[in-house]
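In what follows, chains carry the letters A, B, and so on, assigned in the order in which the sequence lines appear, proteins first and then strands, with residues in each chain numbered from 1.
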There are 2 protein chains.
Amino acid sequence: MEEYSEKQLAILKVAERLFADQGFHGTSVRDIAQEADVNIAMISYYFGSKDKLLETIFRYRMEASRKFINELLENNTLEPLEKINSLIDRFINKMLGEQYFQCIMSREQLNSQASPVRDLIWELKGEMLGLMQPIVTQAQEAGIFYKDVDVEMLMTTLFGTIHQVIPAQHILKKSAPATVTNDDEFREYVKTRVSTHLKKLFKAILTHEF
Amino acid sequence: MEEYSEKQLAILKVAERLFADQGFHGTSVRDIAQEADVNIAMISYYFGSKDKLLETIFRYRMEASRKFINELLENNTLEPLEKINSLIDRFINKMLGEQYFQCIMSREQLNSQASPVRDLIWELKGEMLGLMQPIVTQAQEAGIFYKDVDVEMLMTTLFGTIHQVIPAQHILKKSAPATVTNDDEFREYVKTRVSTHLKKLFKAILTHEF
DNA sequence: GTTTAAATTAAACGTTTGTTTAACTTTGCT
DNA sequence: AGCAAAGTTAAACAAACGTTTAATTTAAAC
């Protein structure tokens, strides 16, 4: 568990935003240094290289994701469907709370070349699947969930929907109700809209009830 | 309606693949020229610039997508659910048939900076929504589909799921049954798996039946 | 066969890229 | 105070970038 100085965190934060907005190769270390208000050489000095900087961002966020998964494993008192609903909400909160990083993930998972970053992504996705799989399977065996459900695809739908929503937000802004006036309200509006949609979807296909 | 020479098409094809695999900024015009077996200068000569080359790819694919949409509008004899199912299958076929381009779209839609390419993407997405919306609405008014469905979100789920499946294929390869031996069979396997999943999902939430 | 335009080439253009250097400043420790 | 390590800087580095140039070849028209 490494800790980062204020300056290092400033670089990481700026780099994450720029990588998300313009892509890794679309962002120069000079852009990052300027916006983070540090000398260009500091990036190599701290992180070794631009590639390593990206990897650092990934390891930093991934560590948090691991913690996140372990926290989810503790809720054992809930009913299966409530567990799923809680899981959906937590996923939405997590992913919309780190939108910049999710954008980078969206981009990097498309790279055809193998890389440490790409491996990390699919490793994490596997862990996420391993989180949902037993919940569904147990409920299926208890006769609460129906059996003709492709859990892997369901997880794909969960990720895919949220990953589509992130860049679609500037479109959703137009169809938002008039009660949404500031950014916080809009974030909440998006959250509940995605949440409501996904919960309905999961409930319908898992329990055949409404 | 422009037509392209063999050499121009070779450039477009190579560029599309490389942009998909490595990103726009991750691909140099020298890479493209080398793989397409043409002189570097030909790219500027034919398309003006690297940016214009990307835009050309987009306009080329978008034109096909428009035709695709218009074809879908003609099927009026089917039942609402059959219409939806047909639409799902056609979307899957279309998008998995032009995976390279879909990868580029996935990437480009994340760009925060406004650009002609980004505008084209959301324009097209709007048209896709306009295709599904009336089908659902009419069926809702006829009492065939339930009303508490967020069609915009459902479309997001459709796109999102397929866009997630594309980079996930090398993972799906591992969980494929032993009957899948070559690439064609695998493509078919992926198609039917996504299709089955999405149809179940749509049927469940739209009709409350199974 | 001559002429004109289009196609194609290798080379060079000026920038920008990520990274490193070497000098300098600050910090913390004894 | 004195010293060593860490932090910070402007400048320079070679390599790669997208694009253009000018010369040459090919093709088409008359």
Side-chain angles (χ1 to χ4, degrees), chain A residues 1-60 104 107-108 111-118, chain B residues 2-60 104 107-108 111-113 115-118:
Chain A
M1 167 82 104
E2 306 155 64
E3 285 178 14
Y4 297 105
S5 69
E6 234 176 90
K7 233 165 206 177
Q8 284 173 314
L9 286 172
I11 294 172
L12 288 171
K13 193 177 170 184
V14 168
E16 187 179 52
R17 193 186 78 240
L18 293 182
F19 287 160
D21 284 346
Q22 318 173 354
F24 177 74
H25 292 291
T27 305
S28 73
V29 291
R30 279 171 180 80
D31 290 340
I32 299 170
Q34 191 176 355
E35 291 219 28
D37 201 34
V38 299
N39 190 281
I40 325 168
M42 297 309 288
I43 290 172
S44 294
Y45 180 72
Y46 278 138
F47 304 101
S49 68
K50 192 189 174 190
D51 287 87
K52 293 270 185 63
L53 172 60
L54 179 65
E55 212 178 309
T56 304
I57 293 172
F58 261 86
R59 297 197 183 280
Y60 184 79
I104 301 179
R107 287 197 143 101
E108 294 302 315
N111 288 356
S112 66
Q113 262 190 345
S115 72
V117 159
R118 210 190 64 167
Chain B
E2 307 154 61
E3 286 178 14
Y4 297 104
S5 70
E6 231 176 277
K7 233 165 207 180
Q8 285 172 312
L9 286 172
I11 294 171
L12 287 171
K13 194 178 170 184
V14 169
E16 187 179 53
R17 193 186 79 241
L18 293 182
F19 287 161
D21 284 346
Q22 318 173 354
F24 178 74
H25 292 291
T27 305
S28 73
V29 291
R30 281 173 178 80
D31 290 340
I32 299 170
Q34 191 176 355
E35 290 218 26
D37 201 34
V38 300
N39 190 281
I40 326 168
M42 297 308 288
I43 290 171
S44 294
Y45 180 72
Y46 278 140
F47 303 101
S49 68
K50 192 188 175 192
D51 286 87
K52 293 268 186 67
L53 173 59
L54 178 65
E55 210 177 310
T56 305
I57 293 173
F58 261 86
R59 296 197 182 282
Y60 185 80
I104 302 178
R107 286 198 143 100
E108 293 302 315
N111 287 357
S112 67
Q113 262 190 346
S115 72
V117 159
R118 209 190 65 166

Rounded interatomic separation in angstrom, taking [atom1] from [X] and [atom2] from [N]:
{"X": "A:Phe47", "N": "D:dG7", "atom1": "CZ", "atom2": "P", "result": "12 Å"}
{"X": "B:Met42", "N": "C:dA6", "atom1": "CE", "atom2": "P", "result": "13 Å"}
{"X": "A:Gln34", "N": "D:dT9", "atom1": "CD", "atom2": "C1'", "result": "16 Å"}
{"X": "B:Asp31", "N": "D:dC17", "atom1": "CG", "atom2": "C1'", "result": "11 Å"}

Counting heavy atoms not belonging to B:Tyr46, are there more than 12 under 6.0 Å from its OH? yes

Which pairs with one or both residues in residues 8-18 of chain A pass side chain to side chain donor-acceptor pair (under 3.5 Å), sequence neighbours excluded? A:Ser5-A:Gln8, A:Glu16-A:Arg61, A:Arg17-A:Glu35

Side chain to side chain contact (heavy atoms under 4.5 Å, CB included) partners of A:Ser49, counting only residues at least two apart: A:Asp51, A:Lys52

For A:Asn39, all residues meeting side chain to side chain donor-acceptor pair (under 3.5 Å), sequence neighbours excluded: none

So, using salt bridge (Lys or Arg N to Asp or Glu O under 4.0 Å) as the criterion, who are the partners of A:Glu55 when residues are at least two apart? A:Arg59

Determine, step by step, whether A:Ile32 and A:Leu53 satisfy the side-chain contact (heavy atoms from CB on, under 4.5 Å) criterion, reporting the C-alpha distance in whole Å, the side-chain angles of both residues, the deciding distance to 0.1 Å, and the verdict. CA-CA 11 Å; A:Ile32 299 170; A:Leu53 172 60; 4.0 Å; yes

What does B:Tyr46 touch in the nucleic acid at a heavy-atom separation under 4.0 angstrom: a base, only the sugar-phosphate, or nothing? sugar-phosphate

Using a 4.0 Å cut-off on heavy atoms, which residues in residues 10-21 of chain B reach DNA chain C? List them by number, or say none. none

Close N or O pairs between protein and nucleotides 18-27 of chain D (under 3.5 Å):
from	atom 1	to	atom 2	distance (Å)
D:dG18	OP1	B:Thr27	O	3.4
D:dG18	OP1	B:Lys50	NZ	2.7
D:dG18	OP2	B:Val29	N	2.9
D:dG18	N7	B:Arg30	NH1	2.8
D:dG18	O6	B:Arg30	NH2	2.9
D:dT19	OP2	B:Lys50	N	2.8

Distance in Å, B:Tyr4 OH paired with B:Phe47 CZ, rounded so as to fall on 0.5 Å steps: 6.5 Å

Answer yes or no: is there a donor N or O on one side and an acceptor on the other, between the side chain of B:Arg30 and the main chain of B:Ile40, under 3.5 Å? no

